[in-house]
Amino acid sequence: MKLTTLSMASGASLLAAVLGLILASAPVAWSWSTEGHMLTCQIAQGLLEPAAAHAVKNLLPEEAGGDLSALCVWPDQVRHWYKYQWTSPLHFIDTPDKACSFVYSRDCHDPSGAKDMCVAGAISNFTSQLMHYKHGSADRKYNLTEALLFLSHFMGDVHQPMHVGFTSDQGGNAVNLRWFKHKSNLHHVWDREIILTTLAENYGKDMGAFRKDLEHNITKGTWSDDASSWRDCTDLSSCPTKYATESIDLACKWGYNSVHDGDTLSDDYFSSRLPIVTRRIAQGGVRLAMFLNRVFGEHKRDVDASLHLAAADEL
Ligand SMILES: *[C@@H]1O[C@H](CO)[C@@H](O)[C@H](O)[C@H]1NC(C)=O
Ligand SMILES: *[C@@H]1O[C@H](CO)[C@@H](O)[C@H](O)[C@H]1NC(C)=O
Ligand SMILES: *[C@@H]1O[C@H](CO)[C@@H](O)[C@H](O)[C@H]1NC(C)=O
C-alpha cells in the first residue's frame, strides 16, 4: 500500500481501509497490535502542544485526515517491501539469552552487525531527522513524513517488553503456547492477545472506551503521580536506551518468567500482566508526545541538545 494511493476522503474510511489491509495481510504480527499502536499514537496526539500539533498535521499525508494513529502501523506494512527491507531490524532488539540487560554497544545492530540498526537507534535517528523540520531547509535530504511515522511506531515498539527479548527465541516468537484455547506464542501474547482480551472482556471491544480509560489513568487516575516522571529525559538521544532497558527488565520479570514452551496461559497470566501492558502503552504515548513537543517546540535547549547519531548525518 502506498500512502499516495490512498485517496479516501475521511479519516474514518482511511482507518477502515488500513485496518482491512492489515487484517487481510497479517498472519504474523510483529509489534504492538494495530490497537496498541493506535492507542499509543492517539494518547500522544492528545498531549501535543500547539507547535507540535501543527507540525504533525502538516507532515501527515492529507488522506490521514489529521489523525496520526491512522498511519502508526504503516511501518509494519512496508517492512516486507523490498524498498523498506532495511527497516525490518528497527522494530526490536535482540539481547543475549537470560542476560536481562540491554547494552547499546553490544546489542543495537542488525543481524549483519550494522551499528545503530535496532529500535533504540531508530528512534534517535528519526528524531534527529525531524529536528530539521524547524530549520525548514528547502532541499531536505530526509522524508520527514516517513520519519514521523517511523518515530511514532518505534516509540510504541520500544515499550512492548518482548520487543527487547532474547536472541534465540526471537523475543518470544519461538515460545509456542496456548492463549486460553487458541494457539499463540509468547511474543504475540504481549503484542496483541492481552490487548484484544481486555478489549473484549472489559470494554465491549470499544477502542474509544479503552482509550478514555487509559487517558483518565494518565491524567487523574492510577498513574497521575508517575506520569510526569515518564517525561524525564535530559538528552533525547539517550532516552530510548532507558526505555529499552525498562522493556527487557519487564520481559524478564513478567514476560518470560515461569513460561515454558507448550504452556497454556490464561486468567492468572492475563490479570497479572494486563496492568504492565496498559502502563507501557500509556508510557509510549506520553513519551512520544514529549519527543514531538521538544522536536517541534520553541525551546532553545532542545535545538542545542542536538542528536549525534552518526548514521543520520552520514547520509
Ligand atoms: C514521503 O514518504 C511518503 C510515504 O512513503 C510518500 O507518500 C511521499 O511521496 C514522500 N515524499 C517525498 C517528497 O518523497
Ligand atoms: C536512519 O534513516 C536513514 C533513512 O532516512 C537510514 O538510511 C538509516 O539506515 C537509518 N538508521 C537507523 C539507525 O535507523
Ligand atoms: C485504570 O485504573 C483503574 C484503577 O486502578 C484500573 O482498574 C483500570 O484497569 C485502569 N485502566 C487502564 C486502561 O489502565
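From a predicted model like this one, the values you see are computed outputs, not experimental measurements. Nothing fancy with the numbering, it's 1 onward along the sequence. Indexing begins at 1, ligand by ligand and atom by atom, following the structure's order.
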task: Verify the ring-centre separation between His163 and His91: is it less than 6.0 angstrom?
output: no
Task: Enclosure of Trp223 CH2 (heavy-atom neighbours >12, cutoff 6.0 Å) - done: yes
Can you classify the ring geometry of Phe150 versus Tyr84 as parallel (below 30°), tilted (30 to 60°) or perpendicular (above 60°)?
tilted
For Thr222, the ligand 3 atoms with a heavy-atom partner under 4.0 Å come out as 1 (C), 2 (O), 3 (C), 4 (C), 5 (O)
- Task: Show your working on ring pair (Phe, Tyr, Trp, His ring centres under 6.0 Å) between Trp230 and Tyr243 and close with a plain yes or no.
- Result: CA-CA 10 Å; Trp230 296 351; Tyr243 310 155; over 10 Å; no
So for Asn143 against ligand 2, with non-hydrogen atoms under 4.0 Å, the contacting part is neither
Under 4.0 Å between a side-chain nitrogen and a carboxylate oxygen: does that hold for Arg279 and Asp226? yes
Ion pair check, Glu193 and Lys183, cut-off under 4.0 Å: no
Ligand 2 atoms nearer than 4.0 angstrom to some heavy atom of Met117 are 9 (O), 11 (N), 12 (C), 13 (C)
Counting heavy atoms under 4.0 Å, the part of Asn125 that contacts ligand 2 is side chain
of all protein heavy atoms, closest to atom 9 (O) of ligand 3 is Asp213 OD2, 4.4 Å
Numbered in order shown, the ligand 2 atoms found under 4.0 Å of a heavy atom of Ala122 are 14 (O)
A student checking ligand 2 against Leu90 at a 4.0 Å heavy-atom cut-off should list atoms 14 (O)
TODO: Hey, can you tell me if Tyr104 and Phe102 have their rings parallel, tilted or perpendicular (30° and 60° cut-offs)?
DONE: perpendicular
Is there a nitrogen or oxygen of Trp74 sitting under 3.5 Å from a nitrogen or oxygen of ligand 1? no
Is there a donor-acceptor pair under 3.5 Å between the side chain of Ser69 and the backbone N or O of Cys41? no
Worksheet item: Leu90, Trp81: one ILVMFWY side-chain cluster at the under-4.5 Å cut-off?
Response: yes
Exercise. Thinking salt bridges, do Glu215 and Arg211 make one under a 4.0 Å N-O criterion?
Worked result: yes
Q) Does Gln129 reach ligand 2, in the sense of a heavy atom lying below 4.0 Å from it? A) yes
Near Tyr84 (heavy-atom distance under 4.0 Å), the atoms of ligand 1 are 5 (O)
Ligand 3 to Tyr203, heavy atom cutoff 4.0 Å, flagged ligand atoms 11 (N), 13 (C)
Ranked by distance from atom 2 (O) of ligand 3, the top protein heavy atom is Asn217 ND2, 2.4 Å
Ligand 2 atoms nearer than 4.0 angstrom to some heavy atom of Asp116 are 13 (C)
(message) Test your reading of the structure: does Lys115 have an N or O sitting under 3.5 Å from an N or O of ligand 2?
(response) no
Trp223 heavy atoms within 4.0 Å reach ligand 3 at atoms 14 (O)
